[in-house]
S.K.: 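The structure is given below, and queries will be raised subsequently.
Predicted model, so just to flag it, every value in this text is computed and none were measured.
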Amino acid sequence: MSIGLYCNWKLKQNSNGDIYLNSIHAKYLFAFKNKYKKVTLLSNISSEVITDADQLISDQDISFILLPAFSGYLGAIKFFPRILSGIKKLTSLVNCVYIRTPEPFSWAFSLFRNKKNINYHFISNPLDVILKKKSRKKYITYLAFLPEYYITCFAAYINNCSCNGPSVLNNVPFFLRNKLRVLIENTLSRDELEKKSYNKSNFTQPYKMVCVSRLQEAKGLPELICAFAHFSRRNKIHAELSIVGDGPLKNTLQELIIKIGAQDYIHLLGHVKNGSPLDDVYKRHQILINPSLSETGPRVILEAMSEGLVCVSTDVGYVRHVFDKNRQMSELIICGKDNFETSLEKILLKLIYEDGYYECMSLNSFNLAKRYSLDDFIEGVFCLGADNG
């Protein structure tokens with residue numbers, strides 16, 4: 001059986017024609033290949049330099065249909081004929097198609113499906129993301145994108161569809177809500193989770209906290225930096241915060257850290273490769289803080305929990321859906337963006353000062369993370385009625 005993927009993962013190609021893919025996306029690609037044996041990926045390319053974050057894809061059972069370089073829907077419009085041709089070709093080559101939704105003009109798969117099994121997997125709440133941007137043009141962008149989004153949702157309705165966590169359900173048209181199957185994405189395979197063992201942390205000062213995020217708007221990073229600085233000073237607690245990731249806000253965040261005089265205990269670590277390098281970062285820390293304002297995951301919650309970290313998070317994405325599997329862990333959810341700083345401080349102080357509380361939450365987190373794997377997600381994509389949540 002063969003599967004086609006429509007995921008614009010910005011493939012990179014060297015002078016010899018070798019294909020490279022971001023290592024996180026590569027994990028999904030190989031997981032689909034292990035399940036379906038043959039995979040064809042329809043994706044745009046990128047002119048960016050190949051880095052250590054990218055992985056060479058040389059498996060003979062993985063093939064590619066390359067699209068021109070573009071960014072977002074507006075950038076894709078001029079390549080509509082090429083994208084339409086790629087969609088038609090992909091559908092003709094495979095038995096089933098997985099569409100990372102939303103992707104430009106993905107509704108066109110319905111034109112060529114010919115009884116093929118097509119699944120639209122909604123990975124984000126794009127309308128919500130647009131409205132949370134600090135841009136004067138966001139309402140124009142919203143209105144321009146709306147027709148495309150609704151056509152895609154209708155295509156998903158007449159085919160099969162799933163979503164990454166239950167938060168998506170509140171952001172799709174009413175006719176799609178009862179059809180979407182809730183799945184929980186994770187980058188860790190069953191084998192990787194089974195090999196992990198729980199190591200009790202020595203939870204003493206200096207308390208080591210980490211945030212893993214793309215450095216961009218709507219991730220709550222400026223709010224986290226200011227809140228953490230105030231928390232440390234107000235309570236005279238020796239704590240350090242490491243922020244892992246790269247993105248357009250890097251310089252802005254560095255300037256903010258210097259401006260508030262927090263450079264001795266808040267550090268930007270830059271990009272860290274997924275897998276063992278990132279696992280090592282997790283192991284050097286005790287608490288992960290996710291301050292995101294808009295998210296359907298985030299996967300980092302499950303990654304960090306699998307290393308025994310206690311995860312404190314805003315109420316976004318599938319966080320509450322996962323945390324509610326253990327009643328106590330709902331206490332780790334930051335309530336509301338308007339009182340982010342107060343709520344974060346209350347949770348951190350309880351973890352630090354309540355005897356045995358951190359250790360209990362750490363063990364709960366580790367056990368809970370084992371319930372979700374990349375394999376479960378892949379198997380759930382085309383299993384109608386399946387729910388790995």
Side-chain angles (χ1 to χ4, degrees), residues 1-106 108-109 112 118 120-121 123-124 126 185 187 189 214-216 244-248 250 270-278 299 374 378 381:
M1 188 173 185
S2 61
I3 185 172
L5 312 181
Y6 180 32
C7 310
N8 285 305
W9 281 335
K10 297 183 178 179
L11 299 171
K12 298 177 183 178
Q13 198 170 20
N14 64 14
S15 57
N16 296 322
D18 298 321
I19 299 292
Y20 287 78
L21 178 61
N22 178 278
S23 58
I24 295 177
H25 298 148
K27 292 199 74 171
Y28 283 86
L29 184 64
F30 283 112
F32 274 112
K33 184 261 177 182
N34 291 338
K35 176 67 177 177
Y36 294 97
K37 308 309 177 188
K38 289 186 178 295
V39 178
T40 302
L41 171 63
L42 173 64
S43 172
N44 60 350
I45 60 173
S46 170
S47 59
E48 295 179 5
V49 176
I50 296 169
T51 69
D52 290 340
D54 301 311
Q55 182 175 342
L56 173 66
I57 309 297
S58 57
D59 194 305
Q60 297 300 310
D61 290 322
I62 298 175
S63 57
F64 302 93
I65 300 173
L66 303 181
L67 298 175
F70 61 81
S71 180
Y73 273 85
L74 293 179
I77 290 174
K78 65 180 179 180
F79 298 115
F80 176 72
R82 292 277 300 276
I83 296 173
L84 191 65
S85 176
I87 289 172
K88 182 179 181 179
K89 181 178 180 180
L90 179 65
T91 312
S92 69
L93 292 174
V94 299
N95 303 112
C96 52
V97 180
Y98 165 86
I99 303 166
R100 179 180 179 266
T101 310
E103 292 288 17
F105 318 121
S106 61
F109 279 95
F112 311 113
I118 297 175
Y120 289 78
H121 181 68
I123 62 159
S124 67
E185 289 189 34
T187 57
S189 68
R214 171 80 173 154
L215 309 187
Q216 64 185 35
V244 175
D246 205 348
K250 180 179 180 180
H271 172 78
V272 176
K273 190 172 183 179
N274 190 267
S276 296
L278 185 55
R299 295 186 304 251
L374 177 56
I378 298 297
V381 167

S.K.: At their closest point, which heavy atom of Ser106 faces which heavy atom of Tyr120, and how far apart are they?
M.R.: O-OH, 2.8 Å
S.K.: Check for a donor-acceptor pair, side chain of Thr91 on one end and backbone N or O of Ile87 on the other, with a separation under 3.5 Å.
M.R.: yes
S.K.: Pair Leu21, Leu11 - check side-chain contact (heavy atoms from CB on, under 4.5 Å), show working.
M.R.: CA-CA 5 Å; Leu21 178 61; Leu11 299 171; 3.7 Å; yes
S.K.: Find the distance between NZ (Lys273) and CG (Asp52) and round it off to the nearest 0.5 Å.
M.R.: 6.5 Å
S.K.: When rounded to the nearest 0.5 angstrom, what distance separates CG in Asp61 from OG1 in Thr40?
M.R.: 10.0 Å
S.K.: Passes side-chain contact (heavy atoms from CB on, under 4.5 Å), Gln13 versus Leu66? Steps please.
M.R.: CA-CA 10 Å; Gln13 198 170 20; Leu66 303 181; 3.8 Å; yes
S.K.: So, for Ala31 and Leu374, which heavy atoms are closest and what is the spacing to 0.1 Å?
M.R.: CB-CD2, 3.6 Å
S.K.: So, Tyr36 side chain and Cys96 main chain: donor-acceptor pair closer than 3.5 Å or not?
M.R.: no
S.K.: When rounded to the nearest 0.5 angstrom, what distance separates CZ in Arg299 from CG in Asn274?
M.R.: 7.5 Å
S.K.: In Å and rounded to the nearest 0.5 Å, what is the CZ to CD1 distance from Phe30 to Ile57?
M.R.: 4.0 Å
S.K.: Please table the atom pairs, donor to acceptor, closer than 3.5 Å between any side-chain atom in residues 41-49 and protein atoms at least two apart or in another chain.
M.R.:
| residue | atom | partner | partner atom | Å |
| --- | --- | --- | --- | --- |
| Ser43 | OG | Cys7 | O | 3.2 |
| Ser43 | OG | Trp9 | N | 3.0 |
| Asn44 | OD1 | Lys10 | N | 3.0 |
| Asn44 | ND2 | Phe70 | O | 3.1 |
| Ser46 | OG | Glu48 | N | 3.1 |

S.K.: Of all heavy-atom pairs between Ala108 and Leu84, which one has the smallest distance, and what is that distance?
M.R.: CB-CD1, 3.5 Å
S.K.: May I ask you to decide if the ring planes of Phe105 and Phe80 are parallel, tilted or perpendicular, using 30° and 60° as cut-offs?
M.R.: perpendicular
S.K.: Keeping Arg100 on the side-chain end and Tyr6 on the backbone end, is there a donor-acceptor pair under 3.5 Å?
M.R.: no
S.K.: Does the side-chain contact (heavy atoms from CB on, under 4.5 Å) test come out yes or no for Phe79 and Leu67, once each step is laid out?
M.R.: CA-CA 8 Å; Phe79 298 115; Leu67 298 175; over 6 Å; no
S.K.: Decide yes or no for Ile3 and Val39: does some side-chain heavy atom of the first lie under 4.5 Å from some side-chain heavy atom of the second?
M.R.: yes
S.K.: Minimum heavy-atom separation for Glu185 to Tyr28, with atom names?
M.R.: OE1-OH, 2.8 Å
S.K.: Go through Leu90 and Phe112 one step at a time and tell me if the side-chain contact (heavy atoms from CB on, under 4.5 Å) criterion holds.
M.R.: CA-CA 10 Å; Leu90 179 65; Phe112 311 113; over 6 Å; no
S.K.: Roughly how far, to the nearest 0.5 Å, is NZ of Lys78 from CD1 of Ile83?
M.R.: 11.0 Å
S.K.: In this structure, which one of Asp18, Asp54, Asn22 forms a side chain to side chain donor-acceptor pair (under 3.5 Å) with Lys12?
M.R.: Asp54
S.K.: Please examine the side chains of Asp59 and Leu29, heavy atoms only from C-beta on, and report whether any two atoms are closer than 4.5 Å.
M.R.: no
S.K.: Do you know the tightest heavy-atom contact between Pro104 and Gly72?
M.R.: CG-O, 4.4 Å
S.K.: Please report the interatomic distance NZ(Lys33) to CD(Gln60), rounded to the nearest 0.5 Å.
M.R.: 10.5 Å
